[in-house]
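Remember, it's a predicted structure, so these values are computed and weren't measured experimentally.
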Amino acid sequence: MKAKVYFTRTITPEKVLEMYRMLGCTLPGRVAVKLHSGEVGNQNFLRPEFWKPVIEAVNGTVVECNTAYEGQRDSTEKHKKTMEKHGWSRYFTVDILDAEGPDLELEIPNGKVIRKNFVGKDIRNYDSMLVLSHFKGHPMGGYGGALKQLSIGVASSYGKAYIHGAGEPDKLWTADHDLFLESMADAAGSVVEYFKDRIAYVNVMKNMSVDCDCCAVAEDPCMQDIGVLVSLDPIAIDQACLDLVYASDDPGKAHLIERIESRNGVHTIEAAAKLGYGTREYELIEVE
């Protein structure tokens with residue numbers, strides 16, 4: 001059965017909220033809003049003002065986890081300062097999920113590479129999740145979208161190293177690349193299983209650099225903005241974004257595609273689909 005993915009070429013804060021409402025879902029209880037806080041120095045991340053209407057509509061708490069590499073988000077103290085600097089704390093309640101204490105271990109009984117996922121323990125305080133993803137390239141994953149937010153994004157600092165190292169944190173930057181991608185798929189599935197049907201996804205194809213929002217020094221966007229997509233399926237929404245990049249007539253897409261293909265980015269989607277928590281088959285429903 002094909003997943004529904006709604007798509008609009010209009011990119012405004014108000015349109016993001018309108019598109020989310022098209023999903024017809026009501027996220028219950030306390031809503032964790034997972035997004036990217038942006039590394040200090042990055043010029044491409046989507047600002048709080050852009051996400052404000054949809055976050056306020058679900059009465060959500062902005063959640064993040066500390067990084068596993070040096071920067072301005074690798075400790076709770078520095079990450080909170082970054083949240084203030086970038087304006088998140090000005091508009092929203094902010095929760096660094098792995099701020100203190102032991103991580104929460106999510107079991108992955110059917111994981112292809114890893115069998116457990118270490119996430120920020122404060123995820124237990126939430127009943128549902130809204131995943132707001134800035135779709136763009138990524139230096140290691142090839143691209144960043146919903147699956148990356150679910151995996152690396154929700155993982156604790158230790159958990160990020162665990163995924164990157166394909167189960168061996170000391171191999172943070174040296175693990176077999178495809179095993180890293182498969183570990184991301186495994187980890188993402190554990191978060192989907194945790195929230196079950198209480199999770200929704202928004203991908204925004206804007207400011208599409210080959211680099212991630214985690215890069216303090218990132219390339220400027222290489223192609224024109226494409227639009228906003230929403231779905232209840234994290235695999236379908238990422239696949240639809242990739243397909244829109246390939247279908248674009250923007251010559252700048254070649255640079256982004258080179259980044260995606262040189263890192264075998266689609267393999268995360270392939271691995272996730274094999275795990276069965278979503279599908280690559282989708283119906284793209286375009287709206288004005």
Side-chain angles (χ1 to χ4, degrees), residues 32-37 63-69 73 97-98 103-123 126 129-169 171-173 175-196 199-203 212-214 231 233-239 241-242 260 263-278 280:
V33 179
K34 179 65 188 74
L35 46 72
H36 201 300
S37 52
V63 302
E64 261 282 34
C65 286
N66 295 321
T67 62
Y69 53 84
R73 298 180 301 130
L97 297 177
D98 62 337
D103 296 333
L104 173 64
E105 290 186 33
L106 300 181
E107 297 299 319
I108 316 175
N110 298 317
K112 182 175 174 61
V113 178
I114 57 174
R115 295 302 178 96
K116 53 188 174 182
N117 184 25
F118 298 88
V119 301
K121 69 174 180 55
D122 287 353
I123 200 172
Y126 300 94
M129 177 173 276
L130 176 61
V131 182
L132 303 179
S133 302
H134 173 205
F135 183 89
K136 68 286 180 194
H138 192 277
M140 290 196 69
Y143 85 93
L147 292 173
K148 177 179 176 291
Q149 283 276 42
L150 286 170
S151 56
I152 296 293
V154 178
S156 67
S157 179
Y158 175 80
K160 287 176 171 61
Y162 191 84
I163 294 168
H164 267 283
E168 299 181 62
K171 293 184 178 180
L172 175 62
W173 307 122
D176 177 85
H177 188 71
D178 280 359
L179 291 182
F180 154 59
L181 300 176
E182 291 163 9
S183 296
M184 279 207 293
D186 289 340
S190 73
V191 178
V192 171
E193 174 60 26
Y194 183 82
F195 285 108
K196 300 189 185 298
I199 189 166
Y201 308 91
V202 179
N203 279 14
C212 180
D213 297 341
C214 56
S231 183
D233 187 316
I235 299 172
I237 197 171
D238 277 8
Q239 182 66 62
C241 286
L242 286 186
I260 294 167
R263 272 65 167 183
N264 198 19
V266 72
H267 190 55
T268 305
I269 293 175
E270 293 169 342
K274 286 182 179 178
L275 290 168
Y277 55 85
R280 298 178 72 182

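Among all heavy-atom pairs drawn from Ala161 and Ala68, the shortest one is N-CB, 4.0 Å. Here the closest heavy-atom approach between residue Cys65 and residue Leu97 is recorded as SG-CB, 3.6 Å. Here the closest non-hydrogen pair linking Leu275 and Asn110 is CD2-O, 3.5 Å.
Between Thr268 and Asp238 there is no side-chain heavy-atom pair separated by less than 4.5 Å. Using a 4.5 Å heavy-atom threshold, the side chains of Asn117 and Tyr194 count as separate. Annotation: side chain of Val266 is in contact with side chain of Asn264 (closest heavy-atom distance under 4.5 Å). In this structure the side chain of Met140 never reaches within 4.5 angstrom of the side chain of Cys212, judged on heavy atoms. Between His138 and Tyr143 there is no side-chain heavy-atom pair separated by less than 4.5 Å. Using a 4.5 Å heavy-atom cutoff, the side chains of Glu64 and Lys34 are in contact. Residues Gln149 and Tyr201 have side chains not in contact (no heavy-atom distance under 4.5 Å, counting atoms from C-beta outward). For the pair Val192 and Pro234, the minimum side-chain heavy-atom distance is below 4.5 Å.
Scored by the salt bridge (charged side-chain N to carboxylate O under 4.0 Å, His left out) test, Glu182 finds no partners at all (sequence neighbours excluded). For Glu168, the salt bridge (charged side-chain N to carboxylate O under 4.0 Å, His left out) partners two or more places apart in sequence, or in a different chain, are Lys171.
Checking Ser156 against Asp98 by side-chain atom types alone, no donor-acceptor pair falls below 3.5 Å.
Considering OG1 of Thr67 and CZ of Arg73, their distance stands at 5.5 Å, rounded to 0.5 Å. Here Lys148 contributes atom NZ and Leu150 contributes atom CG; the two are 11.0 Å apart, rounded to the nearest 0.5 Å. Atoms CG and CD, on Leu147 and Gln239 in that order, are 10.0 Å from each other to the nearest 0.5 Å. To the nearest 0.5 Å, atoms CD (Glu193) and CD (Glu107) are separated by 11.5 Å. With rounding to the nearest 0.5 Å, the separation of CZ in Phe118 from OH in Tyr158 is 5.0 Å. With rounding to the nearest 0.5 angstrom, the CG atom of Leu172 is 11.0 Å from the CD1 atom of Ile163.
Not one N or O on the side chain of Tyr277 forms a donor-acceptor pair closer than 3.5 Å with the backbone of Ser190. Side-chain atoms of Lys160 come within 3.5 Å of backbone N or O of Ile152 as a donor-acceptor pair. Judged purely by atom type and a 3.5 angstrom limit, Asp103 has no side-chain atom pairing as donor or acceptor with the backbone of Glu105. With hydrogens and angles disregarded, a donor-acceptor distance shorter than 3.5 Å links the side chain of Arg115 to the backbone of Pro109. Under the 3.5 Å distance criterion, the side-chain polar atoms of Asp186 are matched with a main-chain donor or acceptor of Ile114.
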List, one per line, each side-chain donor-acceptor pair under 3.5 Å for residues 129-137, sequence neighbours excluded.
| unit_1 | atom_1 | unit_2 | atom_2 | d |
| --- | --- | --- | --- | --- |
| His134 | ND1 | Asp213 | OD1 | 3.2 |
| His134 | ND1 | Asp213 | OD2 | 2.9 |
| His134 | NE2 | Lys206 | O | 2.4 |
| His134 | NE2 | Asn207 | O | 3.3 |
| Lys136 | NZ | His134 | O | 2.7 |

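Ring geometry for Tyr69 against Trp173 counts as tilted: the plane angle lies between 30° and 60°, on a 0 to 90° scale.
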Inset, instruction - Dump the intermediate steps for side chain to side chain contact (heavy atoms under 4.5 Å, CB included) on Ile269 and Arg280, then the final yes or no. - result: CA-CA 8 Å; Ile269 293 175; Arg280 298 178 72 182; 3.6 Å; yes
